[in-house]
Amino acid sequence: MVDTNPRDIQVGVGRTNIDDLSTGQTLSVDRIIVHPDYEKTGTFDAALIHVTSDIASPAIPLVPLTNNSLEQDGAPLTVAGWGTEFFGSPLIPADLKAVDVKAVADENCTTNGLMGFQPESEICAETLGGDSCQGDSGGPLFGTLADGRQVQVGIVSYGLGCAVPAFPGVYGEVNNASIHTFITSTTATGTTGAKKGRKRR
């Protein structure tokens, strides 16, 4: 959940080292738009950040609404972000990190039922010893379609610690009809920015 005053944050784009202000852009934020069903459901974990200047860097497009090939069990995916390298670490790395993970079929993600996993609006992914972690919330889970297009499949949402065996990371499901429509319809009206999710715990 994005619960920060928009005027208290900035968005860095076009750089892999978050502290290197000589590259990319640093953009001010004036508005945060949260999925209208998030507060009452705790799922549909997506929000949009509106920045005050145009973003020069190209964005990874959303997975097509009707394509669920990258959600099949074992589908290769990647998650990226500037989160901690292990649960509870006090250090926030400056360099962008990424790890290859594999999609976990909804029926094989039942352990996350303890945390309220919702298969209609969330997807799971994991790899041995690798995961998104604290500070990665809102980051992209992405993969490559059969035609070679790279697309965003999920939004980092939550997990039990980080890389805990049998507890895959949970992501907002981008091709859930409600999430997909929220993103596309909001951006079509002129709202641009980065998708965010609730804090990794």
Side-chain angles (χ1 to χ4, degrees), residues 1-5 8-13 15-20 29 32 34-35 38-39 41-49 60 70-71 73-143 152-174 176 179 193-201:
M1 173 63 180
V2 184
D3 54 7
T4 306
N5 185 319
D8 291 339
I9 61 174
Q10 293 179 313
V11 173
V13 296
R15 63 175 68 107
T16 57
N17 184 300
I18 201 66
D19 294 333
D20 182 6
V29 175
I32 298 171
V34 179
H35 190 289
Y38 174 79
E39 187 174 350
T41 65
T43 186
F44 302 103
D45 192 9
L48 292 161
I49 290 178
I60 297 176
L70 294 176
E71 296 176 38
D73 200 54
L77 301 169
T78 301
V79 60
W82 282 273
T84 59
E85 295 186 358
F86 58 89
F87 183 73
S89 172
L91 302 177
I92 304 295
D95 291 311
L96 179 67
K97 305 288 185 181
V99 63
D100 292 332
V101 294
K102 292 185 177 181
V104 177
D106 290 343
E107 61 269 23
N108 296 332
C109 202
T110 53
T111 51
N112 281 327
L114 298 172
M115 296 179 290
F117 173 66
Q118 300 293 321
E120 297 81 12
S121 56
E122 298 171 348
I123 62 173
C124 294
E126 66 179 354
T127 192
L128 184 62
D131 196 3
S132 51
C133 205
Q134 293 167 303
D136 287 322
S137 298
L141 176 72
F142 55 95
Q152 183 172 355
V153 178
I155 305 166
V156 178
S157 186
Y158 66 95
L160 179 67
C162 307
V164 175
F167 284 89
V170 182
Y171 301 79
E173 185 175 328
V174 168
N176 166 273
I179 292 175
K195 290 161 285 293
K196 302 294 287 183
R198 68 189 179 207
K199 292 181 179 178
R200 251 339 210 105
R201 58 178 184 264

List, one per line, each side-chain donor-acceptor pair under 3.5 Å for residues 79-96, sequence neighbours excluded.
{"from": "Trp82", "atom 1": "NE1", "to": "Thr16", "atom 2": "O", "distance (Å)": "3.3"}
{"from": "Trp82", "atom 1": "NE1", "to": "Ala94", "atom 2": "O", "distance (Å)": "3.0"}
{"from": "Thr84", "atom 1": "OG1", "to": "Phe86", "atom 2": "O", "distance (Å)": "3.3"}
{"from": "Thr84", "atom 1": "OG1", "to": "Gln134", "atom 2": "O", "distance (Å)": "3.4"}
{"from": "Glu85", "atom 1": "OE2", "to": "Lys97", "atom 2": "NZ", "distance (Å)": "3.2"}
{"from": "Ser89", "atom 1": "OG", "to": "Leu91", "atom 2": "N", "distance (Å)": "3.2"}
{"from": "Asp95", "atom 1": "OD1", "to": "Asn17", "atom 2": "ND2", "distance (Å)": "2.9"}

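- For residues 156-174, the set of pairs meeting the salt bridge (Lys or Arg N to Asp or Glu O under 4.0 Å) definition, not counting sequence neighbours, is empty.
- Between Leu128 atom CG and Lys102 atom NZ the span is 11.0 Å, to the nearest 0.5 Å.
- Between Gly130 and Val99, the shortest heavy-atom distance links the atoms CA-CG2, 4.1 Å.
- Across all non-hydrogen atoms, the minimal contact from Pro168 to Cys109 is CG-SG, 4.1 Å.
- The environment of Glu107 atom CD is dense: over 12 non-hydrogen atoms of other residues, nucleotides or ligands sit within 6.0 angstrom.
- Heavy atoms only, all atoms of each residue included: Val156 and Ser132 are closest at CG1-OG, 3.7 Å.
- Between Val29 and Val11 the shortest side-chain heavy-atom distance falls below 4.5 Å.
- When all heavy atoms of Tyr38 and Thr43 are compared, the closest pair comes out as CD1-O, 3.1 Å.
- At least one side-chain heavy atom of Val101 sits less than 4.5 Å from a side-chain heavy atom of Leu141.
- Rounding to the nearest 0.5 Å places CD1 of Ile155 at 9.5 Å from NE2 of His35.
- Phe167 contributes atom CZ, which lies 11.0 Å from atom SG of Cys124 (distance to the nearest 0.5 angstrom).
- The main-chain N or O of Gly139 is never found under 3.5 Å from a side-chain atom of Asp136 such that the two would form a donor-acceptor pair.
- The shortest distance between side-chain heavy atoms of Phe142 and Leu70 does not fall below 4.5 Å.
- In this structure, Asp131 contributes its side chain and Val164 its backbone to no donor-acceptor pair below 3.5 Å.
- Residues Tyr171 and Gly154 come closest through the heavy atom pair CB-CA, 4.2 Å.
- Contact record, Glu126 with Val104: CG-CG2, 3.5 Å, taken as the closest heavy-atom pair.
- Taking CD1 from Ile123 and CD from Glu71, the interatomic distance works out to 5.0 Å, rounded to the nearest 0.5 Å.
- Expressed to the nearest 0.5 Å, how far CD1 of Ile9 lies from CD1 of Ile49 amounts to 4.5 Å.
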